[in-house]
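Taking it in order: structure first as structure tokens, then the write-up.
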Amino acid sequence: MIIVTGVTARVPAKLNLQLAVGPPRADGYHHLVTVFHAVALFDEVTVEVAERDTVTVTGEGASTVPHDGDNLALRAVAALRKQVRGGNRAAGVRVSIAKRIPVAAGLAGGSADAAAALVAANELWTAGLTPQRLAEVAATIGSDVAFALLGGTAVGRGRGELLTPALAPATQYHWVLAFAEGQLSTPKVYAALDRLRAAESGAPPAQHHPDLDAALMTALRSGDAARLGRALSNDLQPAALSLYPALRKTLAAGLELGALGALVAGSGPTCVFLAASAERALELAVSLSGAGVCRSVARVTGPVPGAAVVPAQG
Ligand code: C5P
């Protein structure tokens with residue numbers, strides 16, 4: 001009998017093709033309607049049997065990821081452990097996160113790591129939780145964790161955790177991501193949006209009712225990248241720009257260089273550009289790098305599937 005002592009899962013970053021934000025709820029979260037889209041920029045999370053729970057992080061932005069109980073991957077493992085009965089669950093686990101998704105960049109990297117940890121621990125402990133039950137555990141960890149499990153393109157409601165896969169042809173889109181020098185705190189960006197809206201209307205932001213954008217869904221169904229580029233939208237963008245004004249220059253540069261659409265990723269500060277083809281994405285990435293309007297660039301395709309176990313070698 002083979003005893004498995006470690007499992008690795010790979011998980012994608014997410015973009016929000018639409019992010020419509022409503023008023024804050026009683027629990028402090030905001031009502032959302034969003035269109036999530038998973039892209040081929042992956043973190044890898046390995047979960048191994050150990051004496052007690054620990055986490056190590058390597059790669060992009062590793063030093064800024066919490067290494068204690070605040071780490072979302074560790075919290076995800078602890079939440080799953082409570083759901084697992086019998087002798088399968090280990091006393092502890094060593095969680096090793098290899099990051100390529102930048103931290104606090106609007107790409108849900110922390111949520112992705114939590115989703116990968118859930119998938120890996122579910123396998124390691126032969127816990128057998130169904131995707132539905134894993135998604136329920138995911139939702140207790142963060143608003144974007146359930147989508148990181150699902151992947152593809154999906155409409156998110158509630159605070160983002162209530163998901164419906166989008167029916168769309170198997171079109172592959174070509175994106176360029178422009179990573180910023182700094183980070184943005186998601187709660188601070190939501191708070192800035194509330195302030196901007198209150199200043200505009202002189203009243204609390206109760207009148208904003210987020211709706212799914214029909215033009216965006218039509219664009220996705222048509223598989224027409226130019227149409228999709230025109231339909232991209234993010235209610236958090238003005239708030240992110242108010243906290244990080246230099247992003248205006250990055251967005252403008254990408255559009256000038258021929259991007260079909262541009263927007264801030266989630267709460268930022270990563271900027272996202274849609275290109276017409278792989279070749280145009282390469283040109284855009286090279287030109288954006290040369291323009292000095294970001295720290296670095298990446299070309300990614302989407303949609304891609306959600307968190308999944310990496311088959312063991314040999
Ligand atoms: O759910 P998650 O922990 O990823 O959210 C991080 C923060 O983003 C929350 O603490 C909250 O300030 C903000 N947020 C929100 N409304 C949402 C999702 C996130 O206000 N729907």
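Position 1 is the first residue of the sequence, and the numbers go up from there. Ligands are counted one by one from 1 in listed order, and the atoms in each one are counted from 1 as well. These numbers come from the heavy atoms of this one structure, side chains and all, not from hydrogens, waters or symmetry mates.
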Requested in this report: Using the side-chain contact (heavy atoms from CB on, under 4.5 Å) rule, pick out the option among L124, I141, N122 that qualifies with L80.
Outcome: N122
Report summary line: Counting only non-hydrogen atoms and a 4.0 Å cut-off, the residues near ligand 1 are G28, Y29, H30, L32, G142, S143, R159, T186, P187, Y190
Query - Pair E48 + R94: basic N to acidic O under 4.0 Å - result: yes
Query raised in the report: What distance do L107 atom CG and K14 atom NZ have between them, rounded to the nearest 0.5 Å?
Result: 6.5 Å
Report task. Identify, with sequence neighbours excluded, every residue that meets ring pair (Phe, Tyr, Trp, His ring centres under 6.0 Å) alongside Y190. Result -> H30
Report summary line: Tested for salt bridge (Lys or Arg N to Asp or Glu O under 4.0 Å) against D113, the lone hit among K99, R10, R75 is K99
Query raised in the report: Hey, are D235 and R197 close enough for a salt bridge, meaning a charged N less than 4.0 Å from a carboxylate O?
Result: yes
